[in-house]
**Student:** 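I have a structure here, written as structure tokens, and I will follow up with some questions on it.
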Protein chains: 2
Amino acid sequence: MNPISKAEENHLKAIFNLCEETGKRASTNAIAKIMQTKAASVTAMIIRLSGKEIPLVNHQKHKGVRLTEAGKKLATNLIRKHRLWETFLVEKLNFSWDEVHEIAEELEHIKAEKLIDRLDEFLGRPKFDPHGDPIPDADGNFTFRKQILLTDLAENQAAVVVGVLDDSPSFLQYLNKLKLVLGSKVQILERVEYDGSNRILLNDQQEQVLTNKVCQNLYVKTL
Amino acid sequence: MNPISKAEENHLKAIFNLCEETGKRASTNAIAKIMQTKAASVTAMIIRLSGKEIPLVNHQKHKGVRLTEAGKKLATNLIRKHRLWETFLVEKLNFSWDEVHEIAEELEHIKAEKLIDRLDEFLGRPKFDPHGDPIPDADGNFTFRKQILLTDLAENQAAVVVGVLDDSPSFLQYLNKLKLVLGSKVQILERVEYDGSNRILLNDQQEQVLTNKVCQNLYVKTL
DNA sequence: TACTATTTTTAGCCTAATCTAAAAAATATT
DNA sequence: AATATTTTTTAGATTAGGCTAAAAATAGTA
């Protein structure tokens with residue numbers, strides 16, 4: 001009956017992300033960890049979400065939870081809003097990609113659909129956000145792109161950075177320092193067995209050493 | 001200790017507006033009317049606000065309430081955020097001036113100060129919002145402007161519309177129909193005693209009849 | 001002034017969303 | 001398989017922010 005609350009929305013998002021990542025039903029504990037609450041609170045929330053006139057989650061006692069179609073619709077729309085706001089913050093307000101997550105986390109709960117439509121239009125209906133993640137359209141459809149992790153790129157194969165797997169501020173700030181941004185051209189010159197490092201040619205100019213950990217968190221698209 | 005809540009913020013805003021309008025302490029009933037709650041709830045909220053480490057309101061039992069300096073600071077900042085968002089919605093997202101209040105009502109509660117600074121900059125540090133109301137700067141200072149109500153304009157004196165007193169959607173939509181917007185040039189040709197109407201010259205072109213009620217809600221600045 | 005009407009406060013209840021502690025179920029380990 | 005560990009749920013409490021109904025204070029009027 002009441003409009004969906006911020007807490008409810010955040011739970012849906014957590015469940016959506018967990019199910020996407022693992023391909024399985026989301027566990028109470030895992031949700032609690034993301035939400036920074038306790039398992040008991042999650043159970044209570046799940047019961048509320050599954051008890052709605054139109055249930056948003058499907059719950060089997062002790063067997064985890066998954067979203068119903070209605071729940072997925074809502075979660076996808078939240079992701080859409082989050083990523084559009086992040087794009088706005090970077091493109092229009094000159095925030096850097098490591099600063100926008102927290103603010104978008106608040107903005108995504110603004111309800112007015114017309115606002116999001118207009119924002120989308122204002123931004124030129126972008127398909128990807130500042131971290132290279134796809135922005136679902138108003139119907140919830142994501143744009144896919146054949147991208148691989150830099151780890152999996154063949155030696156000497158030229159590619160462009162199109163996204164990050166880890167979007168934590170610390171990783172993003174490190175990339176800033178390396179001047180490694182979305183659109184940067186990369187090519188693996190050599191995989192060094194000795195220390196698991198990788199000699200990279202960046203933008204056809206400078207040579208750069210990246211650890212495997214970094215390469216495992218960068219999505220690239222071959223040219 | 002906790003950050004101030006949306007409900008608390010809205011009460012502060014209501015108290016601020018009431019005190020500005022009346023010049024007196026705000027009454028419990030008046031606040032309840034604005035907040036669409038009951039007097040008892042307002043009393044409870046007032047007690048909370050006045051009981052903070054740094055009290056936000058000054059309450060004397062049965063004698064109404066007024067904001068402390070800390071409360072004023074917060075209320076002013078809310079008004080700043082509200083008016084900046086309204087400006088954004090009209091200037092950048094092409095909303096019309098009658099649509100923006102509700103959405104700004106939500107956006108104003110977003111906490112990040114940096115966001116507002118950047119938004120202000122993006123908009124070119126505007127001094128007035130789409131309804132002609134002044135936007136306080138980051139220190140809470142309003143820009144004043146010598147403006148009078150259209151009712152008080154001398155006959156044949158040329159002036160420009162700079163704001164509205166009533167900013168309800170219905171009034172704003174009516175003005176839209178009359179093609180009477182901020183910046184429109186107006187001149188009173190004749191005050192008709194008979195029915196309290198006013199013959200106006202609009203933009204040096206067309207003649208228009210406005211009732212006193214409309215004239216009482218339009219701010220103009222003489223040329 | 002004394003009575004009436006209005007306004008404000010108090011008292012007690014309710015729901016959403018959290019918590020802790022304990023019970024129950026599922027999973028893992030000898 | 002029996003037991004130990006982990007996970008999930010239940011039970012009961014708390015806090016914010018609302019409500020209603022009744023009591024108390026203030027204001028208005030005969």
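Given the structure is predicted, the values throughout are model-derived calculations rather than measurements. In the text below, chain A, chain B and the rest are named by the order of the sequence lines, each starting its count at 1.
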**Student:** Is the phosphate of dT8(D), meaning OP1 or OP2, less than 4.0 Å from a side-chain N or O of K38(A)?
**Tutor:** no

**Student:** By side chain to side chain contact (heavy atoms under 4.5 Å, CB included), which residues pair with P126(A), not counting sequence neighbours?
**Tutor:**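 For P126(A), the residues satisfying side chain to side chain contact (heavy atoms under 4.5 Å, CB included) (neighbours in sequence not counted) are L84(A), T87(A), D120(A), L123(A), I135(A).
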
**Student:** Assess the side chains of W97(A) and N176(A): does a donor N or O sit below 3.5 Å from an acceptor N or O?
**Tutor:**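 Result is yes, a qualifying pair exists.
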
**Student:** Where each residue is assigned the nucleotide of DNA chain C containing its nearest heavy atom, which of K63(A) and Q36(A) is assigned the position nearer the 5′ end?
**Tutor:** Q36(A)

**Student:** Is K92(B) positioned over the aromatic face of F122(B), cation under 6.0 angstrom from the ring centre and no more than 45 degrees off axis?
**Tutor:** yes

**Student:** In whole angstrom, what separates Q60(A)'s CD from dT7(D)'s C1'?
**Tutor:** 16 Å

**Student:** Looking at residues at least two apart in the chain, or sitting in another chain, which of them share a side-chain hydrogen bond (donor to acceptor under 3.5 Å, both in side chains) with S197(A)?
**Tutor:**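 S197(A) satisfies side-chain hydrogen bond (donor to acceptor under 3.5 Å, both in side chains) with D195(A) only.
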
**Student:** Is there a side-chain contact between S41(B) and the phosphate of dC19(D), meaning an N or O under 4.0 Å from OP1 or OP2?
**Tutor:** yes

**Student:** Would you jot down, in residue-number order, the residues of residues 27-34 of chain B having a non-hydrogen atom under 4.0 Å from DNA chain C?
**Tutor:** S27(B), T28(B), N29(B)

**Student:** Within the structure shown, what part of the strands sits under 4.0 Å from A40(A) by heavy-atom distance: base, sugar-phosphate, or nothing?
**Tutor:** base

**Student:** Just how far, in rounded Å, is C1' of dT9(C) from CD1 of I46(B)?
**Tutor:** 11 Å

**Student:** Nearest of dT8(C), dC19(D), dC19(C) to any side-chain atom of A39(B)?
**Tutor:** dT8(C)

**Student:** Distance-only criterion, 3.5 Å: show the donor-acceptor pairs between side-chain atoms of residues 68-75 of chain A and protein atoms not counting sequence neighbours.
**Tutor:**
from	atom 1	to	atom 2	distance (Å)
T68(A)	OG1	P55(A)	O	2.8
T68(A)	OG1	L56(A)	O	3.2
T68(A)	OG1	A70(A)	N	3.4
T68(A)	OG1	G71(A)	N	3.1
E69(A)	OE2	K72(A)	NZ	3.3

**Student:** Separation of H11(A) atom NE2 from dA16(C) atom C1', in whole Å?
**Tutor:**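 H11(A) atom NE2 is separated from dA16(C) atom C1' by 12 Å.
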
**Student:** Using the test ring-ring contact (aromatic ring centres under 6.0 Å, His included), find all partners of H82(A) that sit at least two apart in sequence or belong to another chain.
**Tutor:**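 In terms of ring-ring contact (aromatic ring centres under 6.0 Å, His included), with neighbours along the sequence ignored, H82(A) is linked to H101(A).
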
**Student:** I want to verify a distance call: between dT9(D), dT9(C), dT18(C), whose nearest atom is closest to the T43(B) side chain?
**Tutor:**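 Among the listed nucleotides, the one closest to the side chain of T43(B) is dT9(C).
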
**Student:** Salt bridge or not for E102(B) and K114(A), using N-O below 4.0 Å?
**Tutor:** no

**Student:** Quick one: which of dT9(C), dC19(C), dG18(D) gets closest to the side chain of T37(B)?
**Tutor:**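 That would be dG18(D).
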
**Student:** Grab the CD1-C1' distance between I47(A) and dT8(D) for me, whole Å please.
**Tutor:**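 After rounding, the gap between these two atoms is 10 Å.
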
**Student:** Between H59(A) and dT8(D), is there a side-chain N or O to OP1/OP2 distance below 4.0 Å?
**Tutor:** no

**Student:** Does a salt bridge link K13(A) with E105(A), judged by any charged N lying under 4.0 Å from a carboxylate O?
**Tutor:** yes

**Student:** Does some side-chain heavy atom of I116(A) sit less than 4.5 Å from a side-chain heavy atom of I110(A)?
**Tutor:** no

**Student:** Give the rounded distance in Å between these two atoms: CE of M45(A) and C1' of dT15(C).
**Tutor:**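 Whole-Å distance recorded here is 13 Å.
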
**Student:** Taking CE from M35(A) and C1' from dA16(C), how many angstroms apart are they, rounded to a whole number?
**Tutor:**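 Whole-Å distance recorded here is 13 Å.
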
**Student:** Report, one pair per line, the protein and nucleotides 22-24 of chain D atoms (nitrogen or oxygen only) whose separation is under 3.5 Å.
**Tutor:**
none

**Student:** So, is K6(A) near the phosphate of dA16(C), with a side-chain N or O under 4.0 Å from OP1 or OP2?
**Tutor:** no

**Student:** Between atom CG in N10(B) and atom P in dA16(D), what is the gap in whole Å?
**Tutor:**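 About 17 Å, once rounded to whole Å.
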
**Student:** Nearest whole angstrom, please: distance from the P of dT9(C) to the CG of L49(B).
**Tutor:**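 Rounded to the whole Å, the gap is 13 Å.
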
**Student:** What is the minimum heavy-atom distance between F171(A) and D166(A), and which atoms define it?
**Tutor:** CD2-O, 3.2 Å

